[in-house]
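Shown next, in structure tokens, is the structure this report addresses.
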Number of protein chains: 2
Amino acid sequence: MARAYDKGMVPAVTVPRLALYLRKLRELQARGVRTISSQDLADKIDLNAAQIRKDFSYFGEFGVRGVGYDVPRLIDEIMKSLGLNRSWSVIIVGAGLLGTALARYKGFSEQGFRLVGMFDSSPKVIGKSYGPGKVRAMSELEQFTREEAVDIAIITVPAHAAQATIDRIVAPNIGVKAVLNFAPVKVFAPKDVVVRQVDLSSELMFLSFYLDRE
Amino acid sequence: MARAYDKGMVPAVTVPRLALYLRKLRELQARGVRTISSQDLADKIDLNAAQIRKDFSYFGEFGVRGVGYDVPRLIDEIMKSLGLNRSWSVIIVGAGLLGTALARYKGFSEQGFRLVGMFDSSPKVIGKSYGPGKVRAMSELEQFTREEAVDIAIITVPAHAAQATIDRIVAPNIGVKAVLNFAPVKVFAPKDVVVRQVDLSSELMFLSFYLDRE
């Protein structure tokens, strides 16, 4: 009965919701819950049940009326859809306070993001290890990235160094295809490279913007 | 000639752009640039000149045709508009790796966000200092927050503790009106409290989502 499931059908706008479902479903699974209705899930995460059913419809029709969705299967489908059913290799470029904190952040490895190396230009930190991340010299960046077939680069260098750093690793012969940039500057990459930006200063400015209007 | 400037007119959607302009204009000012045209600024940050002129029009009409905008005045207007022309008091709740890294993040104080305290439940870290943030016991949270008239709370506690923590400080008699939540869980607050969420796991899932489709 299940409709053929084409992963390519799941639109990118659903990603934050899929991440939210996944987190809640894992919690429920850990507590022994085996099935859940869209309405029960909706109540738990303050979303609309119709929206949830629409999102889950991309996985084929496996919700059973009056019973609900099979929780382990739902987790499996969401993980597949998010590309979490495999392991991705990650480097962190910039071993300052933020970079080293991220290196020790357990949430990464739990999701299949495997830190394979860190890089920094300061002799003070080169050779040190933070969690699974041993810090190498920036001069080794290209060779290491190519040889280890690194998938994802997390950029925590200062703003002025961010673009040049990214240019080095997204070069076609090096091959990084995904960048998570924490440097407080807008960065550019070729069209086939996905870039996400986490800008802590901007987030704080949103807060002060609203506070100031009270 | 200047149009009366009503700060309330600047819409929230412009905040990320204003943050971007501010950063670039400060850079330019540091290099001695005194005036800039919308087109020159547009070229530098890969935005549309008409969009920039529209955003700046909220500040009144002070761009001079053929000369451009006065950089120091523009910086001043943007800061006023973002509520950055005053100082905001900030606490960090959760003195784990991320919380302590954020406490030492210089970008905060540079923007007028003044860390006044940190909180944690672990006796191992209570009493320690990270940058300007001395860690206090969670039992002191409400009293400290009220007495110091804390504006902003940065939440870096584990997911399961986030909502209860936020509930304690946004209570009307305590008075926090802005929350930056790093806990990987959706949180709720009264309507008059602004909440921003930084979800590192979701950002990584965006990357794996796209990588998996290549």
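Chain letters run A, B, ... following the sequence lines, proteins first, then strands; residues in each count from 1.
- Contact annotation for B/Ala12: both backbone and side-chain heavy atoms come within less than 4.5 Å of a heavy atom of chain A.
- For chain A, the option among B/Lys177, B/Lys186, B/Arg23 with the highest count of heavy-atom pairs below 4.5 Å is B/Arg23.
- Of the listed residues (A/Val179, A/Leu18, A/Val195, A/Val185), the one with the most heavy-atom contacts under 4.5 Å to chain B is A/Val179.
- A distance-only check finds no donor-acceptor pair linking the side chain of B/Glu77 to the backbone of B/Phe56 [under 3.5 Å].
- Interface remark: B/Tyr130 contributes no atoms to any contact with chain A (heavy atom separation under 4.5 Å).
- For chain A, the nearby parts of B/Val194 are the backbone and the side chain; heavy atoms of each come within less than 4.5 Å.
- Atom CZ in B/Phe119 sits 5.0 Å away from atom OG1 in B/Thr145 (nearest 0.5 Å).
- Looking at B/Gln111, the atoms closer than 4.5 Å to chain A (heavy atoms on both sides) all sit in the side chain, from C-beta outward.
- Using modelled atom types, no side-chain atom of B/Arg168 and backbone atom of B/Ile174 make a donor-acceptor pair closer than 3.5 Å.
- Each of A/Asn181, A/Val93, A/Asp120, A/Ile166 was checked for a side-chain contact (heavy atoms from CB on, under 4.5 Å) with A/Val157, and the lone residue meeting it is A/Val93.
- No other option in B/Leu98, B/Leu97, B/Leu204 has as many heavy-atom pairs under 4.5 Å with chain A as B/Leu204.
- B/Ser208 places a side-chain N or O within 3.5 Å of a backbone atom of A/Leu82 that can act as its donor or acceptor partner.
- If you measure heavy-atom distances from B/Leu180 to chain A, the contacts under 4.5 Å come from both the backbone and the side chain.
- If you measure heavy-atom distances from B/Leu211 to chain A, the contacts under 4.5 Å come from both the backbone and the side chain.
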Next on the checklist: Is there a side chain to side chain donor-acceptor pair (under 3.5 Å) between A/Ser89 and A/Arg114? Walk through the geometry before answering.
Outcome noted: CA-CA 5 Å; A/Ser89 59; A/Arg114 193 168 43 88; 4.6 Å; no
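- For chain A, the nearby part of B/Phe113 is the side chain; its heavy atoms alone come within less than 4.5 Å.
- Side-chain atoms of B/Ser202 do not come within 3.5 Å of backbone N or O of B/Asp199 as any donor-acceptor pair.
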